[in-house]
2 protein chains.
Amino acid sequence: MQHKRSDCLQCAMRDRSIFAGLNTEELRSLGMEVQDIACHQGDVLYRKGDSARHAYTLRTGAVKLVKSLENGREVIIRLLHRGDLLGFEGMQDAQHRHAAIVLAPSQLCRLDLAELQRLSERLPKVQEAIRQRWQQALQSSEDHIMELGAKRAEARLATFLLQWAEHYPRLRSLPFPLSRPDLAAFLGLSTEHVSRIMADFKRHAFIQEQRGHLEILAPQSLAELAGKWPDHKPD
Amino acid sequence: MQHKRSDCLQCAMRDRSIFAGLNTEELRSLGMEVQDIACHQGDVLYRKGDSARHAYTLRTGAVKLVKSLENGREVIIRLLHRGDLLGFEGMQDAQHRHAAIVLAPSQLCRLDLAELQRLSERLPKVQEAIRQRWQQALQSSEDHIMELGAKRAEARLATFLLQWAEHYPRLRSLPFPLSRPDLAAFLGLSTEHVSRIMADFKRHAFIQEQRGHLEILAPQSLAELAGKWPDHKPD
DNA sequence: CGACGGGTTGAGGAAACTCAACGCATGTGG
DNA sequence: CCACATGCGTTGAGTTTCCTCAACCCGTCG
């Protein structure tokens, strides 16, 4: 995990960050220290229970948020993509609620939570931006609850693959750094069951996999399995 | 559904509301129009897709947030208790994401979303309070994901009953307005399966039920089933 | 080389679902 | 008042879905 000072003014993500609402002048005057962090698969950004000092913005790559049950079973609560935030629960709780583990080579911005706290009290725009991100996270969590509560394994997996693909538009071959245990921990299934279904999808030529990359050959077939028909009009 | 003007200054919930940080002077100067609403079982506060005009604070009673899948299956995304907020997704989305249905006789405060929007831009304390509520909601959703993803039906139900009880401390006989279909829709199970397990709990004298009220006779037994107590091996 | 972790496959069993029937309240119209 | 429908809860039988346990393959790493 390497890190250096970062220059927010020139960041490619600037217009999608929590500082998006600020103009150059304001941004320069923040005096906010932002670290630029590069890390790779398996790196642990923080563990559950760690005292929360930093928050992060994921610029590229993928991160999983993991929680484990008393019985030892691990669950992936959320998967993070380009543009997502993590660690912001530290603004309220003293400790992190889950572990954050890097899935693929990633670049992140690391912010000091105490500084951010002070900043957000002064700047309603920042506060507002953070609130919107919380809302997005809640939305995605609620969607996940629907999946787990109402769909069977095949449909969950199909939905998931299609959603994963949405994060890489205009890419034929998608980065897919998730292991079978990861998929299982996210979808609430056993690794064997996930493996069987993935093998099934391949046999039906719905998908194709190779070395951490995934290609979706028959999106509409997956969509049928997922229980939603392609682009029917939204009411 | 009756409603009248409400006087926030004298509200019993004032110190737990999103206006908690404001002093009497500030609160009086808001000019915020707040409706006091009373409603009973089955009332629909709003439906999924309704354009979002109002947000609510639940003062007493219980409300369910429901989403339904294309296949017709309904899922209860969240259950709301005394002090919880609802409808605030309207601050970001133009339409409500789920339906809000009253489970038990309830009293709510209804706020105009546009007014609230303007207010929160002016008052960081309000913005901050709302952000904290989003965070709480996210936390509870993540806990729910854990339940659905990692626990068996018996354990889910046991955990749920114990959590429900926590919302009514120092009450022996708890208000319990949930039907079997409700429980099933919240826990991701079939109504029959829920019914069987509840009957089991009664046979083991873990719980007792009568006309919308529930008594938990053996919390520690339920806690063991819930998996909360370190690895007792089941016989 | 052997150990190891990830993926696959099979067999058997447990968990949960579906379908169906029935009891019991409540409500409605004749 | 009865006859009847309706909705919830319960229970049973049979089936599907999913899990567990185990074996095996394969690439990587020491």
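Residue numbers begin at 1 in each chain, while the letters A, B, ... track the order of the sequences. Everything numeric here is computed off the predicted structure, so don't read it as measured data.
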- Apply salt bridge (charged side-chain N to carboxylate O under 4.0 Å, His left out) to K48(B) and list each qualifying residue two or more places apart in sequence or on a separate chain. none
- Message: Once ring pair (Phe, Tyr, Trp, His ring centres under 6.0 Å) is applied, do any residues pair with H96(B), and if so which ones, sequence neighbours excluded?
- Response: Y46(B)
- Query: Q139(A): what forms a side chain to side chain donor-acceptor pair (under 3.5 Å) with it, not counting sequence neighbours?
  - Reply: R97(B)
- Could you give the start and end, 5' to 3', of the contact zone on DNA chain C for chain A, using atoms under 4.0 Å from its heavy atoms? dG7(C) to dA11(C)
- Task: Give R156(A) one of three labels, base, sugar-phosphate or nothing, depending on what nucleic acid heavy atoms sit under 4.0 Å from its own.
- Result: nothing
- Query: Contact class for R73(A) (heavy atom, under 4.0 Å): base, sugar-phosphate, or nothing?
  - Reply: nothing
- Please identify each residue that fulfils salt bridge (charged side-chain N to carboxylate O under 4.0 Å, His left out) with E209(A), with sequence neighbours left out. R180(A), K202(A)
- chain B vs DNA chain D, heavy-atom contacts under 4.0 Å, first-to-last nucleotide span, 5' to 3', is dG9(D) to dA13(D)
Solution key, residues 187-201 of chain A side-chain donor-acceptor pairs under 3.5 Å, sequence neighbours excluded:
from    : atom 1 : to      : atom 2 : distance (Å)
S190(A) : OG     : H193(A) : N      : 3.2
D200(A) : OD1    : R203(A) : NH2    : 3.1

- Message: For a quick check of understanding: with a heavy-atom distance under 4.0 Å over all strands, which category does R152(B) fall into, base, sugar-phosphate or nothing?
- Response: sugar-phosphate
- Message: Show every salt bridge (Lys or Arg N to Asp or Glu O under 4.0 Å) that has at least one partner inside residues 158-167 of chain A, sequence neighbours left out.
- Response: none
- Note on the structure: Note: contacts of residues 178-194 of chain B with DNA chain D (heavy atom, under 4.0 Å) are S179(B), R180(B), P181(B), E192(B)
- Item | Those residues that, when tested against D182(A), pass salt bridge (charged side-chain N to carboxylate O under 4.0 Å, His left out) (two or more places apart) | K64(A)
- Task: Decide if atom CZ of R47(B) counts as having more than 12 heavy atoms of other residues, nucleotides or ligands within a radius under 6.0 Å.
- Result: no
- Query: What residues, two or more places apart in sequence or in another chain, satisfy ring pair (Phe, Tyr, Trp, His ring centres under 6.0 Å) together with H167(A)?
  - Reply: H81(A)
- Task: Identify, with sequence neighbours excluded, every residue that meets salt bridge (charged side-chain N to carboxylate O under 4.0 Å, His left out) alongside R156(B).
- Result: none
